[in-house]
J.: 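Following this message is one structure expressed as structure tokens.
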Amino acid sequence: MNPHDSNRPGSSDSQTISSQLDADPTYTSQRNDSSSSPDLPLDTIFDVLSHSRRRQILSYLSQTEDNLVTVAELVTVISKHESESEMSVQRTQDDAVGIALRHNHLPKLADAGVIEFDTRSETIQYQAHPNVEKYLSVLDTIK
């Protein structure tokens with residue numbers, strides 16, 4: 001079975017959320033510069049937002065002034081967030097978060113076109129997408 005099949009369980013929930021957001025005349029993107037970003041397919045948006053670390057990355061990036069951060073900065077932010085809910089050794093946590101970001105989450109976000117990830121300088125540039133921000137804001141309210 002194709003994991004992106006629209007007949008899978010829960011797909012009607014995502015369609016319902018999508019319909020509600022599209023019909024919401026009060027919703028506006030938080031960024032003015034997002035209008036030049038190409039539309040992403042709905043499956044891509046949900047795939048990008050399916051992991052809590054990617055949602056944390058995008059939430060943090062969308063709140064920065066110049067949309068540019070370093071991997072080290074993201075590691076610190078995410079490790080701090082996760083250590084508040086889990087007791088762990090900070091250095092080990094930072095290493096694990098850094099590996100997961102560099103090898104999983106940042107490449108996935110870059111492949112989707114939501115960020116640009118420069119592996120040499122370890123900087124991440126946010127590419128604002130109104131639909132990603134729209135669904136991210138809905139997920140933030142559900143927490």
Side-chain angles (χ1 to χ4, degrees), residues 2-6 8 10-143:
N2 183 346
H4 297 293
D5 185 5
S6 62
R8 71 179 188 273
S11 67
S12 63
D13 294 339
S14 64
Q15 291 170 347
T16 301
I17 291 171
S18 176
S19 298
Q20 290 171 345
L21 287 172
D22 290 339
D24 183 1
T26 62
Y27 176 79
T28 56
S29 177
Q30 297 172 349
R31 298 219 177 259
N32 293 332
D33 58 344
S34 59
S35 61
S36 63
S37 300
D39 285 339
L40 293 174
L42 196 55
D43 285 341
T44 300
I45 292 170
F46 287 139
D47 186 38
V48 162
L49 298 175
S50 68
H51 196 281
S52 63
R53 283 187 177 165
R54 289 193 292 272
R55 291 191 302 272
Q56 289 172 2
I57 291 166
L58 293 174
S59 288
Y60 185 75
L61 284 168
S62 69
Q63 296 171 20
T64 61
E65 279 189 36
D66 59 0
N67 298 339
L68 185 69
V69 297
T70 64
V71 173
E73 187 176 347
L74 284 176
V75 166
T76 301
V77 168
I78 292 172
S79 292
K80 181 180 178 196
H81 180 271
E82 290 178 1
S83 68
E84 290 173 356
S85 60
E86 300 173 9
M87 291 300 184
S88 63
V89 179
Q90 188 63 39
R91 179 70 181 159
T92 304
Q93 178 74 12
D94 287 354
D95 290 344
V97 169
I99 289 168
L101 293 184
R102 286 179 187 93
H103 295 283
N104 183 5
H105 303 299
L106 296 175
K108 182 175 270 300
L109 292 170
D111 288 346
V114 179
I115 65 167
E116 288 182 18
F117 176 39
D118 184 337
T119 56
R120 288 186 185 167
S121 66
E122 292 210 322
T123 56
I124 298 98
Q125 176 83 38
Y126 180 55
Q127 305 296 314
H129 287 271
N131 285 334
V132 172
E133 290 180 9
K134 179 170 56 172
Y135 290 108
L136 184 61
S137 69
V138 169
L139 292 171
D140 284 345
T141 63
I142 295 173
K143 290 183 193 176

J.: What distance separates Ile124 CD1 from Leu101 CG, expressed to the nearest 0.5 Å?
T.: 7.5 Å
J.: Can you tell me how far NE2 of His81 sits from OG of Ser59, rounded to the nearest 0.5 angstrom?
T.: 9.5 Å
J.: Using the side-chain contact (heavy atoms from CB on, under 4.5 Å) rule, take Asp47 and Lys108 through it: C-alpha gap first, then chi angles, then the decisive distance, then the call.
T.: CA-CA 9 Å; Asp47 186 38; Lys108 182 175 270 300; 3.1 Å; yes
J.: Minimum heavy-atom separation for Arg102 to Pro107, with atom names?
T.: O-CG, 3.2 Å
J.: Roughly how far, to the nearest 0.5 Å, is OG1 of Thr123 from CD1 of Ile115?
T.: 9.5 Å
J.: Within the side chain of Ser137, is there an N or O that forms a donor-acceptor pair under 3.5 Å with the backbone of Lys134?
T.: yes
J.: As a quick check of understanding, evaluate side-chain contact (heavy atoms from CB on, under 4.5 Å) for Gln56 and Val77, giving each step before the final call.
T.: CA-CA 9 Å; Gln56 289 172 2; Val77 168; over 6 Å; no
J.: Quick one: closest heavy-atom pair of Ala100 and Arg53, and the distance?
T.: CB-NH1, 3.1 Å
J.: Would you check if the side chain of Arg55 reaches a backbone N or O of Leu49 as a donor-acceptor pair within less than 3.5 Å?
T.: yes
J.: Got a second to check how far Asp39's CG is from His129's NE2, nearest 0.5 Å?
T.: 9.0 Å
J.: Any sub-3.5 Å donor-acceptor pair from Arg54's side-chain atoms to Val48's backbone N or O?
T.: yes
J.: Is any side-chain heavy atom of Leu109 closer than 4.5 Å to one of Phe117?
T.: no
J.: Indicate the atoms forming the closest heavy-atom contact of Val75 with Gly98, along with that distance.
T.: CG2-CA, 3.6 Å
J.: Please find the pair of heavy atoms, one from Ala112 and one from Leu40, that lie closest to each other, and give the distance.
T.: O-CD2, 3.2 Å
J.: Given Ile78 and Ile57, is the side-chain contact (heavy atoms from CB on, under 4.5 Å) satisfied, shown in steps?
T.: CA-CA 8 Å; Ile78 292 172; Ile57 291 166; 3.8 Å; yes
J.: Out of curiosity, Leu139 CG to Ser52 OG, how far, rounded to the nearest 0.5 Å?
T.: 11.0 Å
J.: Between Tyr126 and Thr64, is the side-chain contact (heavy atoms from CB on, under 4.5 Å) condition met? List the steps.
T.: CA-CA 9 Å; Tyr126 180 55; Thr64 61; 5.7 Å; no
J.: For Gln125 and Leu68, work out which heavy atoms get closest and say how close.
T.: OE1-CD1, 3.4 Å
J.: How many angstroms lie between atom CG of Leu136 and atom OG1 of Thr141, to the nearest 0.5 angstrom?
T.: 10.0 Å
